[in-house]
**Q** 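Here's a structure for you.
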Amino acid sequence: MNDVITFKAKDYKSGVKPIWCPGCGHFSVFNAVTKAMAGLGMNKDDTVLVSGIGCSSRLPAYVDSYGFHGVHGRGLAIAQGLKVARPELTVIAMGGDGDGFSIGGNHFMHACRRNVDITYVVMDNEVYGMTKGQASPTTPMDWDHSKLTPHGPGVRPFKPAALALAAGAPWIARAYSGNPNQMAHLLAQAIEFPGFSFLHVLSQCITFCPQQTDWKAIVNERQDAALEDEDEAARLFLHEDGFQTGLLYQRQRPTWPPEAAPPNDPDLTGGFRL
Amino acid sequence: MSLSIAITGAGGAGVISCGELLLQGWAREGGRGLLRKAFGPQIRGGESAALLKLTEHERYTAATSYDVLLALDWNNFSRFEDEIRLRPDSWIICEPDEDIPAAVLALEPRIARLPIAALAAQAHSDGRVNMIAVGVLGKLLGLSHTSLAGLAAQKLGHKPASYQQAATACIAEGQQYDLEITVDTPRREAGNRWYISGNQAAGLGALEAGVRFVAAYPITPASDVLEWMAGGLEKVGGNLVQAEDELAAINMTIGAAFGGVTAFTATSGPGLALMTESIGLAVASETPVTVFNVQRGGPSTGIPTKSEQSDLDIALHGLHGDAPHLVLAPLNIADCVYTTAWAVKLARHLQTPAIVLSDQFIGQSSAIVTEPRRCEVQLAAKRADDNDYLRYRLTEDGVSAVAAPGEPDRRFTADGLEHNEKGTPSASNADHQRQLDKRARKLTAFDYGSDWADLNGNGEVALLCFGSASAAVEEAAALLAQRGFTTRTIALRLLAPLPHDALHAALEGSSELVIVEQNHSAQLWRYLRGAMDFAQRLHSYAIAGPVPLSAELIAHYCEEVLAP
Ligand SMILES: Cc1ncc(C[n+]2csc(CCOP(=O)(O)OP(=O)(O)O)c2C)c(N)n1
Ligand code: SF4
């Protein structure tokens, strides 16, 4: 009989000390990531964490796997290039709401649409933490704590889950930094899902949005099974308050790239010879 | 001697196909030549020109004037007036009842009237005027019907059989027509030759150097590199992703390269501008990528369909921070194979981005070339053999051992943040200085061998250029030699890091240095003056596109500035 090896979350930590403020929600995402990796018994050498720039995007360096900390907004593109080139790897992209929905918004849409088999974790704190507290695409209209927009951004926040659905994401879930066990569980499912899995994490920024501690009272865990019907999911994502957690939508779609025909002709020069 | 033939007509009339068939037919009979394609700004229904230059050698410059102009129609001919220069002894072939533009008539050229449309209709109910042109010009060049009809059938292979019949009939009709003009044709000699464009050659060089991942965002005049590679990758294996923009394209390329797969993207000026932030990421994270830039008229959207060498500044200096990287430039169509492959191999070995500066002229022109030289240099990626792996280890030559995901016990996080040897983010002065030094050192300590430039001659007057300007510069040197100057030419293939010592050595014994380039602000001249001291008297010949560099004008400039 094989020995049962149990992996511990701490085995997946690199030992690099996080720069985050005490109480930052990203700590629990970090814990959930390592927990999920331990739970799945993931091979560290075959796992790559890819991120953009922001407090949240620092996470890959803290995990003992391969990682790539790229530039602001482009983590998803790096992750997709890597996965397409090396399909046998497990690739997890991550970053903040500014990184993923503002500067990287185009890549988010197209990653949902392309459906490369990667997982994308957005740590949404409705603010730009790293640059010290400016409004992001998910900041409430009237949030007036930034000197840059002293009267609030005055622009409707957008709904990441609705956008993901419209763009074609086949797997959409939401987690909350106050519930790392649920998050780890969802992450494990996301990693195992064959296709682009989008995990939207409500991850509080204690420093610039201390009011987010109130989220604890608002979040509610979805009791029903994940929706499979696009219309129902659209209705949910357009009208919900954004605080329902759990696996919200799941549907199988063919991943990209499709299986390629084997290389058929090593001679590249034939067409040029006269 | 050379013979230049321009064929013009409405976009969609098939003038480019006409030029291709003629050049291929000419090549099959041992001839050499260049086909330049000129397009107006409209996508379809605009106008296009096939500009043929048949030669006795392979030093392909754009023709400065044309011996023959066959105009399928005269609509919008004025768009090409700058490019299609005519002389009083030029032959104009056109429809009998069409008015020739006054500017053309003013030259008093020789005119041969050809009822093109009528002949096409007479030859076949689906007859096309461009195939009449193939017949008429084919006869002028002494090409056989079998050869031309065979090539046309090959080209139309995917179309219904009636197309091929129509083409064959029209070619025959054109060949039978007695236009009563003759031209002198260049000497031909059999040889092992290829018909290839610079963009195809670049794709070939990249794949032969091991590129197996391409990310693509379409842009004129680079799309054909990517399109050719899409087909090429199916032959050899690998992936091409059409990205949502150039930001994605460069980052996908970086992701694949991080995965240990040789990765490549191609673009033009506007796309290169979008990519520069992430090219800096490739520098900092030491990820090898090749960015193949087919230059066009700039800035901004500029002149997308025409050539210029005006992206040198951005290629050299566009990155933020101190970001040493490779910049190379292919010297001609055939050299696109070699230089692109070399760039890919250098990037992979030195773990840094390489920007390759081709341009629309060599990229979108097709030519008959002797089988291109290949890049045989073997540059293995340095691998770690110790247990104490450090991704950004400080080494004497600056090159650290690579590792890719999947390799046991080599885990690291690549980072665009300044980092220590392990890759852990660090803002310390010591780490910054050491990593900056290392990244610079790995490029300057490397021995690039003799291919940093093509050198010819050892005369008093040095003509120096980069990339595609080399053919015009060679031709100018030949003209100057006829006029009593002793010359030498230096065509830079490697622009960064600048091989100072080799360049000094190559200039040894010259007293005048003329720097030739196709841009407005003398980018190469400024770069070289900032980078090194010269013992020679310096002269700058910098002329913006879109009109191709002219050897005659370069020679003329030299004569003026060198006059005692
Ligand atoms: C091209 C570019 N523009 C701007 C920045 C500055 N910047 C760094 S992080 C950041 C926003 C981070 O916010 P978010 O992604 O929400 O992550 P958080 O810090 O909140 O976790 C910005 C604007 C940058 N690094 N690069
Ligand atoms: S600023 Fe906000 S997001 Fe950044 S580490 Fe501090 S609490 Fe976290």
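These numbers come from a predicted model, not from an experiment. Every chain is numbered from 1 and lettered A, B, ... according to where its sequence line falls, protein lines coming before strand lines.
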**Q** Can you tell which of B/Leu247, B/Asn239, B/Leu417 has the highest number of heavy-atom pairs within less than 4.5 Å of chain A?
**A** B/Leu247
**Q** Taking atom types as modelled and ignoring hydrogens, do the side chains of A/His69 and B/Thr413 form a donor-acceptor contact shorter than 3.5 angstrom?
**A** no
**Q** Hey, would you say the A/Trp20 and A/Phe27 ring centroids sit under 6.0 Å apart?
**A** yes
**Q** Counting only heavy atoms closer than 4.5 Å, note whether B/Leu240 contacts chain A via side chain, backbone, both or neither.
**A** backbone
**Q** At a heavy-atom separation under 4.5 Å, does A/Leu274 approach chain B through its side chain, its backbone, both, or neither?
**A** both
**Q** Between B/Asp245, B/Thr424, B/Thr253, which shows the greatest number of heavy-atom pairs under 4.5 Å with chain A?
**A** B/Asp245
**Q** With a 4.5 angstrom heavy-atom cut-off, could you sort out which part of B/Val261 is near chain A: side chain, backbone, both or neither?
**A** side chain
**Q** Check the surroundings of atom CD in B/Glu371: do more than 12 heavy atoms from other residues, nucleotides or ligands lie under 6.0 Å from it?
**A** yes
**Q** Looking at A/Asn106, A/Leu76, A/Val16, A/Val48, which one has more heavy-atom pairs under 4.5 Å with chain B than the rest?
**A** A/Asn106
**Q** Decide side-chain contact (heavy atoms from CB on, under 4.5 Å) for A/Leu40 and A/Ile191; before the verdict, give the C-alpha distance in whole Å, the side-chain angles of both, and the deciding distance to 0.1 Å.
**A** CA-CA 9 Å; A/Leu40 294 172; A/Ile191 291 166; 3.9 Å; yes
**Q** If only side-chain N and O atoms count, and only distance matters, is there a donor-acceptor pair under 3.5 Å linking A/Thr47 with A/Thr90?
**A** no
**Q** Just so I understand: if I count every heavy-atom pair under 4.5 Å between each of B/Ala263, B/Gly237, B/Ala256 and chain A, which residue has the most?
**A** B/Ala256
**Q** As an exercise: rank A/Ser65, A/Pro257, A/Pro266 by heavy-atom pairs under 4.5 Å with chain B and give me the winner.
**A** A/Ser65
**Q** On the ring face of A/Phe30, is A/Lys13 found with NZ or CZ under 6.0 Å from the centre and within 45° of the axis?
**A** yes
**Q** Testing the 3.5 Å rule here: is there a donor-acceptor pair between the side chains of A/Ser136 and A/Asp97?
**A** yes
**Q** Which one of B/Asn192, B/Asp415, B/Leu207 has the most heavy-atom pairs closer than 4.5 Å to chain A?
**A** B/Asp415
**Q** Of the listed residues (B/Lys235, B/Lys422, B/Met252), which shares the most heavy-atom pairs with chain A below a 4.5 Å separation?
**A** B/Lys235
**Q** Given heavy-atom pairs under 4.5 angstrom as the criterion, report whether the side chain, backbone, both or neither of B/Gln242 touches chain A.
**A** backbone
**Q** Examine whether an atom of A/Arg273 lies under 4.5 Å from a heavy atom of chain B, and if so say whether it belongs to the side chain, the backbone or both; otherwise answer neither.
**A** both
**Q** Verify the distance criterion only: is there a donor paired with an acceptor across the side chains of A/Arg74 and A/His107 at less than 3.5 Å?
**A** yes
**Q** Do you see a donor-acceptor pair shorter than 3.5 Å between the side chains of B/Thr262 and B/Arg212?
**A** no
**Q** Side chain, backbone, both or neither: which part of B/Arg410 has an atom under 4.5 Å from a heavy atom of chain A?
**A** both
**Q** Measuring heavy-atom distances to chain A, does B/Ala215 have an atom under 4.5 Å in its side chain, in its backbone, in both, or in neither?
**A** neither
**Q** Ring centroids only, cut at 6.0 angstrom: are B/Tyr195 and A/Phe272 within range, meaning strictly under it?
**A** no
**Q** Top residue by heavy-atom pair count (under 4.5 Å) with chain B, among A/Ile19, A/Asp46, A/Asp64?
**A** A/Asp64
**Q** Go through the atoms of B/Ile368 and report whether side chain, backbone, both or neither lie under 4.5 Å from a heavy atom of chain A.
**A** side chain
**Q** Given that the side chain runs from C-beta out, which part of A/Asp267 has a heavy atom under 4.5 Å from chain B: side chain, backbone, both or neither?
**A** backbone
**Q** Answer with side chain, backbone, both or neither: which region of A/Arg58 has an atom nearer than 4.5 Å to a non-hydrogen atom of chain B?
**A** side chain
**Q** Apply salt bridge (Lys or Arg N to Asp or Glu O under 4.0 Å) to residues A/Lys83 and A/Glu88 and explain how you reach the verdict.
**A** CA-CA 8 Å; A/Lys83 178 70 183 182; A/Glu88 73 282 14; over 6 Å; no
**Q** Could B/Arg373 and B/Tyr338 be counted as a cation-pi pair, given that NZ or CZ must be under 6.0 Å from the ring centre and within 45° of the axis?
**A** yes
**Q** Side chain, backbone, both or neither: which part of B/Ala404 has a non-hydrogen atom closer than 4.5 Å to chain A?
**A** both
**Q** Go through the atoms of B/Phe213 and report whether side chain, backbone, both or neither lie under 4.5 Å from a heavy atom of chain A.
**A** side chain
**Q** Quick check on B/Thr287 against chain A: is it the side chain, the backbone, both or neither that has a heavy atom closer than 4.5 Å?
**A** side chain
**Q** For B/Ser426 and B/Asn420, test the side chains for any donor-to-acceptor distance below 3.5 angstrom and give the result as yes or no.
**A** no
